[in-house]
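Just below is one structure, and these are the notes that go with it.
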Amino acid sequence: MTGAVDELLARLQRENGVLVRVESTQGSAPREAGTWMAVWGDGLTATIGGGQLEFQATDEARVWLAGGPAIEGVRRYPLGPSLGQCCGGVVFLSYRRISASNAKALQTELLAHLEPVALFGGGHVGAALARLLSTLPFTVRWIDSRDGVFPDALPAQIETEHSEPVQQAVAQLAPGSRVLIMSFSHAEDLDIVIACLKRLRDRDDLPYVGLIGSKTKWATFRHRLEARGFTAAEMDRVTCPIGVPGITGKEPEVIAVAVAAQLLQSLPSA
């Protein structure tokens, strides 16, 4: 498992680069503020999109890397008049030299702008989801009550946690976390759902709570949750089954694609 941040950190150990970042936009633009790419002497990590915009930014960064005039700071790029792009908006790009000494600070900075996901369950579907989410604009807190279920090497975007009892981790989740529940046990799943509903009742700061399973499983859970005093409106905050409709395959990777797409739909519009 590797992501763009991991690629950047690994390459910084061998060479210096230039971090190019979208600081802001006006009108129609290829990518949103916060998007970045790292420019190296003979390659790129990630992308700011935009075809000619990226080509020009890459060229300017490489001139600087090769000893040319410094371009540190923010530059304005009108996409239509100066670059011939049909977007027609304006993009403001910042340029910054980076080296191995910046690695730790860069990791913190780049991950801070991603959306947090709490993934409960280290099984096959959980592993497929973790791999996929590490390539998308999410950080993942991957939680299980069992020891030894996580891979040894993971991307910077994924942090693992052993929690026993597993639902105890819900109280410490970052505000705004999207929660995916797919533990090895229906009993654990129910305990996690209950913890999430209690947190929603107290703080209302989990924008998405998804439970893997069938309509039959959710009907059973709703009956048990109702017996514990949760209202219909509260239970409606849980998505089950999870995943965008119309994708019917049950392979872990197929489920992961459907669920990741649903998470992307839950993000605020740019």
Side-chain angles (χ1 to χ4, degrees), residues 1 115-136 138 140-151 158 160-171 173 176-201 204-267:
M1 294 187 196
E115 296 287 338
V117 170
L119 173 58
F120 287 87
H124 295 297
V125 177
L129 257 170
R131 285 194 298 271
L132 181 54
L133 293 177
S134 71
T135 68
L136 298 173
F138 299 106
V140 181
R141 188 170 174 180
W142 196 6
I143 305 160
D144 204 290
S145 63
R146 300 165 294 174
D147 290 316
V149 299
F150 301 119
I158 300 177
T160 61
E161 178 180 345
H162 174 264
S163 180
E164 178 58 48
V166 68
Q167 70 273 13
Q168 186 172 281
V170 172
L173 297 181
S177 292
R178 287 156 176 81
V179 182
L180 294 169
I181 304 166
M182 50 188 68
S183 80
F184 72 97
S185 157
H186 281 199
E188 278 201 352
D189 283 352
L190 181 61
D191 287 339
I192 300 164
V193 170
I194 290 170
C196 288
L197 290 178
K198 287 180 177 178
R199 175 156 172 168
L200 284 170
R201 182 181 286 174
D204 195 18
D205 63 352
L206 303 175
Y208 175 96
V209 177
L211 170 68
I212 198 168
S214 63
K215 292 180 180 179
T216 301
K217 176 180 176 179
W218 181 231
T220 300
F221 272 41
R222 283 186 72 100
H223 180 73
R224 294 175 181 175
L225 292 168
E226 185 178 18
R228 294 170 187 260
F230 292 103
T231 66
E234 288 177 316
M235 291 185 283
D236 286 345
R237 300 288 298 273
V238 179
T239 299
C240 183
I242 52 175
V244 294
I247 299 177
T248 58
K250 295 185 178 181
E251 300 89 344
E253 293 76 14
V254 174
I255 296 172
V257 169
V259 174
Q262 192 169 64
L263 286 185
L264 290 169
Q265 289 177 332
S266 78
L267 296 177

Would you say the side-chain atoms of Trp142 pair up with the backbone N or O of Gly121, donor to acceptor, closer than 3.5 Å? yes

With distance as the sole criterion, is a donor-acceptor pair present between the side chains of Arg178 and Ser266 under 3.5 Å? yes

Per the side-chain hydrogen bond (donor to acceptor under 3.5 Å, both in side chains) rule, which among Gln262, Glu115, Gln265, Arg237 passes with Tyr208? Gln262

If you look at every heavy atom in Ser134 and Ile158, which pair is closest and at what distance? CB-CD1, 4.0 Å

Interatomic distance, CG@Asp191 vs OG@Ser183, rounded to 0.5 Å, equals 9.0 Å

Note: Ala260 and Leu133 closest approach over all heavy atoms is CB-CD2, 4.2 Å

Using only atom types and a distance under 3.5 Å, with no angle test, would you say the side chain of His162 pairs donor to acceptor with the backbone of Ser145? yes

Looking only at atom types and distance, does a side-chain atom of Glu226 sit under 3.5 Å from a main-chain N or O of His223, one as donor and one as acceptor? no

With a 4.5 Å limit on heavy-atom distance, are the side chains of Arg199 and Asp204 in contact? no

I need the Ile255 CD1 to Glu251 CD distance, nearest 0.5 Å. 8.0 Å

To the nearest 0.5 Å, tell me how far Asp144 CG sits from Phe150 CZ. 5.0 Å

Spacing of Arg146 atom CZ and Ser185 atom OG [to the nearest 0.5 Å]: 9.5 Å

Inspect the contact between Glu253 and Arg131 and indicate whether a charged nitrogen and a carboxylate oxygen are less than 4.0 angstrom apart. yes

How far does CG of Leu190 sit from CG of Leu225, to the nearest 0.5 angstrom? 5.5 Å

Supply the atom-to-atom distance Phe221 CZ to His186 NE2, rounded to the nearest 0.5 angstrom. 6.0 Å

Is any side-chain heavy atom of Met235 closer than 4.5 Å to one of Val193? no

Salt bridge flag under 4.0 Å for residues Asp189 and Lys217: yes

